[in-house]
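Step one of this worksheet: look at the structure below.
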Amino acid sequence: MPEKQYDHNQIELKWHALWEKADFYKAEENSAKPKFYVLEMLPYPSGTLHIGHIRNYAIGDALARYKWMRGFNVLHPMGWDAFGLPAENAAIANRRPPRDWTLRNIASMKRTHRRFAFSYDWDREIATCEPEYYRWNQWFFLKMFERGLAYRKRALVNWCPKCATVLANEQVVEGCCWRHEDTPVEQRALDQWFLKITAYADQLLEDMRQLEGGWPERVLTMQRNWIGRSEGAEVDFALAAPAAGAIRVFTTRVDTIYGATCLILAPEHPLVEQLLDAPGQARAKAMVDARAGRDPGDIAKEGFFTGHFGLNPYSGEKVPVWVGNFVLMGYGTGAIMAVPAHDERDFEFCTKYGIPVRPVIRPVDGLLDSTPAAAFTEDGVVENSGQWSGLASAEARLQMSAYAQRKGFGNPAITYRIKDWGISRQRYWGTPIPMIHCPACGVVPVPEEQLPVILPERVEITGTGRSPLENVPNFVNVTCPRCGGAAKRETDTMDTFIDSSWYFYRYCDPRNSRMPFDPRKIAYWFEIDQYIGGVEHAILHLIYSRFFTKMMRDIGLIRNSEPARRLFTQGMVIAEGAKMSKSKGNVVGADMLAERFGADTARMFVLFAAPPEKELDWRSEGAEGIYRFLGRVFRFATRNIGRADYPPAGDADRRALRKLHQTLKKITEDFETRWHFNTCISSIMELVNVLYAEEGEISAEPMCAILRHLALMLAPFAPYLAQEIWAELGAEGPVFRQPWPPFDPELAKEDLAEVVVQVNGKLRGRIYTAFGAPEPGLIEAAKADEKVRPFLQDKQVVKTIVVPDKLVNFVVR
RNA sequence: GCCCGGGUGGCGAAAUUGGUAGACGCAAAGGACUUAAAAUCCUUUUCCCGGCAACGGGAGUGCGGGUUCGAUUCCCGCCCCGGGCACCA
């Protein structure tokens with residue numbers, strides 16, 4: 001009879017169908033078991049599912065299964081992309097996430113994407129929308145509006161001409177749109193809705209201490225830099241007559257203010273308009289334009305004198321006011337005092353235009369070297385600074401900013417690099433912002449009971465840069481909820497990052513129609529125990545969702561301050577030497593792999609190719625090897641289950657069992673520590689190689705134990721095959737609801753210790769002894785070894801190093 | 001420029017605390033089975049030298065130094081690749 005062949009289609013279909021019904025993936029509501037919430041980061045809905053996503057899921061999935069088997073009450077809702085978390089979608093995810101989110105479901109995942117994620121349906125040229133999906137976003141928006149955390153203002157914003165929409169600062173990558181890496185972002189002044197993430201800047205920074213250890217240092221550093229807190233002072237330089245008023249500058253080095261030899265305004269600074277004549281304003285405008293979309297490093301510093309002067313409030317000195325293209329309007333006050341002696345950029349600018357350089361900090365011996373680069377930035381002792389001379393820099397800063405406050409021309413100040421989150425988008429898709437513009441009452445929120453505000457269907461996508469919703473009279477024309485007069489609905493929609501900021505809360509209570517979620521459920525499940533995703537979200541999703549968490553805490557919905565206790569960032573997937581991305585056109589789709597070899601192979605191969613935190617250089621040839629391996633396992637199992645004739649017990653049993661327990665030990669330890677699944681899988685391969693070699697000699701009882709363990713071991717990585725073997729063994733139920741098998745350290749032990757013999761550190765031979773053999777005997781045996789002897793002949797042994805059970809090294813002369 | 005990673009065979013990689021470098025897999029070559037092919041099973045495969053051979057010797061983890069009985073691993077200097085930040089006052 002021909003041997004049964006591994007047919008992944010048949011196996012995966014069989015168990016997939018069963019698992020659909022079984023509902024066993026559901027986390028238990030009232031469980032005595034410890035809880036474990038594991039979540040993979042979602043792919044962006046408009047993106048293609050590619051190897052990077054498989055990798056993300058494969059890691060989380062393996063971990064979730066292992067945790068189940070270790071007796072945790074596991075919530076692992078991400079099985080497909082429930083990005084926008086409509087109740088229905090998330091409910092499915094919770095109850096039966098393709099649960100094992102099988103790769104063969106990719107087609108249906110894509111459909112789900114279209115249906116529930118806020119994307120335009122490109123196939124049908126219309127958009128579908130899911131009302132429940134908007135409700136809670138809008139509800140949160142109203143809560144924030146009540147608290148002043150959501151506001152509208154006219155602002156210069158980033159504009160992507162290709163998307164024809166506004167972008168948040170976080171979504172601008174190297175001056176270009178994050179989705180169109182070749183399209184420079186433009187600046188436009190528009191009325192926009194903002195969320196006041198800056199109100200939480202300190203908390204976002206402060207709470208990172210709780211995350212240390214659990215989050216990668218790299219991500220924390222990126223967030224710290226992004227928030228960019230700096231302490232300093234704001235100081236007013238009164239304008240000399242004939243101009244009136246003052247220029248407020250921000251500095252972290254108020255101790256150097258006696259060295260300030262000019263003031264520089266950003267070209268967009270409001271004073272430019274007030275102080276300058278038309279040609280001057282035009283020059284400033286030209287600077288702004290020249291800067292758009294360019295790498296700041298490539299732009300030479302330039303500026304011009306305004307004809308006006310400011311008065312240094314400490315020294316009374318009259319200093320010229322300039323406009324400079326390197327001064328940023330978006331940071332600090334948009335104006336600086338230039339201290340060329342102690343700031344590299346100021347130095348470059350001032351020497352170019354002949355503005356004097358005047359040192360006011362003396363380096364302190366031993367603290368500073370004499371290179372100017374160091375003197376630019378380091379602290380020292382203040383000099384040539386009137387009454388402050390002689391103070392250490394740090395002390396001078398404290399006293400001088402306090403003085404400014406006392407005298408009323410300044411104050412200590414903290415500035416952040418992070419800015420408020422602009423969430424207005426002029427796209428069709430996305431949650432409508434629930435606001436109404438009334439000519440009489442102004443901006444009026446839509447009453448809570450009228451939520452959700454739903455997008456109209458069949459909207460023409462114009463791509464003109466104005467919201468397509470403006471052309472839908474039914475949507476736009478409303479009555480004002482306050483005065484009942486005619487009013488216009490807000491047509492901007494929300495950034496889709498809003499949706500992803502709290503989806504993982506909704507997963508805990510996906511069908512709640514009265515609240516975003518039940519706080520009690522959150523109290524049980526949160527914080528997320530393990531969040532897994534790519535590092536590319538380090539300052540987008542991961543900062544927004546931390547902000548949302550704090551906001552929800554402050555409105556009393558939740559108790560936790562942080563969303564996730566631990567974060568694992570998997571390595572990027574590289575193809576042809578470049579990051580896999582749509583714009584580079586090197587995306588390897590998940591479909592191909594799953595279609596050809598099945599979900600088990602796809603998942604396992606991605607894990608096998610590299611350790612998860614490392615970059616994965618994609619080459620699909622290797623998948624064949626994993627497929628072959630799974631076939632080997634399948635055939636071994638099927639032909640050895642219920643065989644009529646097992647050989648009698650013998651040495652082979654011991655060897656096979658030893659390898660088994662060694663493998664089990666390795667996998668267990670890896671899951672608990674470093675997740676190097678590539679070596680876990682290779683150790684299973686080694687085991688199978690041993691099993692093939694010993695196959696004919698393994699007796700009945702060990703064979704049965706081995707097959708059982710093999711199924712359990714494979715369950716995290718190749719659940720379908722594991723389940724198939726499990727069922728063939730006659731066992732009931734899903735294999736990964738079994739307890740994870742303990743390894744037996746005694747069985748895992750080798751009979752004899754292999755002791756390496758070196759002469760002068762070079763390997764010359766090996767001897768085999770019982771474990772714990774005493775040193776003298778070991779040395780004798782080592783000396784006596786045939787391979788070693790010639791190297792000791794006519795030599796004097798100066799020193800002998802013995803590492804018990806491992807190594808003997810003779811140092812000879 | 002600054003801050004993180006990383007550099008090991010033809011390729012992906014392993015070596016977990018300083019102790020056998022190259023596990024496991026891919027690709028390649030050879031063999032068995034087969035009318036044949038596929039599939040499967042077995043063998044070889046870091047480089048150089050010697051040998052018909054089993055085998056023996058030497059070199060070798062980006063480069064140059066150092067510490068050590070012993071270094072892919074620790075230290076110093078450099079080169080290259082990837083990622084993040086970058087007029088943030």
Side-chain angles (χ1 to χ4, degrees), chain A residues 3 5 174 216-219 221-222 224-226 228-230 232 249-253 256 260 264 291 295-301 324-328 330-339 342-346 348-349 373 415-418 535-536 538-539 571-572 574 577-579 605 608-611 613-626 628-629 631-632 635 666 669-670 673-674 676 678-689 692-693 754-766 787 790 798-801 803 806-812:
Chain A
E3 193 168 44
Q5 288 301 309
E174 288 175 19
E217 201 45 55
R218 190 161 56 127
V219 172
T221 308
M222 281 161 75
R224 271 191 203 103
N225 290 340
W226 187 261
R229 178 189 148 106
S230 35
V249 302
F250 172 77
T251 178
T252 54
R253 296 297 304 271
T256 64
I264 310 174
R291 199 161 61 179
D295 184 349
D298 297 345
I299 303 171
K301 289 186 181 47
N325 66 345
F326 71 103
V327 179
L328 304 173
Y331 184 77
T333 60
I336 63 163
M337 61 175 204
V339 185
H342 302 294
D343 183 280
E344 238 177 308
R345 299 152 307 184
D346 297 349
E348 193 187 331
F349 185 82
T415 318
Y416 299 93
R417 207 189 90 112
I418 192 171
V535 74
E536 67 272 14
I539 48 179
M572 280 188 324
I574 306 286
K579 181 155 92 180
F605 174 51
F608 180 66
E613 74 279 3
K614 219 186 137 167
E615 273 179 7
L616 171 62
D617 192 356
W618 181 253
R619 236 161 275 258
S620 34
E621 296 90 68
E624 197 99 20
I626 295 291
R628 270 202 291 265
F629 167 70
R632 258 164 91 78
R635 290 189 303 274
K666 158 116 195 69
E669 286 170 355
D670 242 298
T673 55
R674 52 174 209 168
H676 278 199
N678 55 330
T679 55
C680 292
I681 293 166
S682 67
S683 70
I684 302 177
M685 289 171 169
E686 284 181 57
L687 169 65
V688 172
N689 289 345
Y692 264 69
E754 187 187 49
V755 177
V756 170
V757 185
Q758 297 181 335
V759 178
N760 286 344
K762 282 211 165 85
L763 176 70
R764 294 303 176 189
R766 335 158 178 254
K787 297 240 176 77
V798 183
K799 200 173 168 186
T800 306
I801 288 130
V803 181
K806 258 201 160 155
L807 168 140
V808 177
N809 186 13
F810 296 108
V811 185
V812 301

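Letters go in sequence order (proteins before strands), and every chain restarts at 1.
Residue-level contact check: A:Ile681 touches neither bases nor backbone, having no heavy atom under 4.0 Å from any strand. Contacts of A:Val798 with the nucleic acid, taken as non-hydrogen atoms under 4.0 Å apart, are absent. Within 4.0 Å of A:Gly625, counting heavy atoms only, lie sugar-phosphate atoms of the nucleic acid but no base atom. Among the heavy atoms of the strands, none lies under 4.0 Å from A:Arg224.
Residue A:Arg628 is the one, among A:Lys762 and A:Arg628, whose nearest nucleotide of RNA chain B lies closer to the 5' end (criterion: closest heavy atom). Across the interface with RNA chain B, nearest-nucleotide mapping of A:Met685 and A:Ile539 shows A:Met685 to be the residue nearer the 5′ end.
Here, B:C49 and B:U68 have their P atoms 36 Å apart, quoted to the whole Å. B:C76 and B:G5: their P atoms are spaced 14 Å apart (whole Å).
The side chain of A:Glu621 sits closest to B:C26 out of B:C24, B:C26, B:C4.
Between the side chain of A:Lys799 and the base of B:C69, no donor-acceptor pair of N or O atoms lies under 3.5 Å.
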Both distances under 3.5 Å, Watson-Crick or G-U wobble: on that basis, could you give the dot-bracket string for RNA chain B, with [ ] for crossing pairs and | for other-strand partners? (((((((..(((......[....))).(((((.......))))).(((((....)))))..(((((..]....))))))))))))....
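Closest heavy-atom contact between A:Glu615 and A:Ala610: O-CB, 4.1 Å.
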Heavy atoms under 4.0 Å is the rule here; annotate nucleotides 6-21 of chain B 5' to 3' with B where the base is hit, S where only the sugar-phosphate is, and - elsewhere. -----SBSSSB--BB-
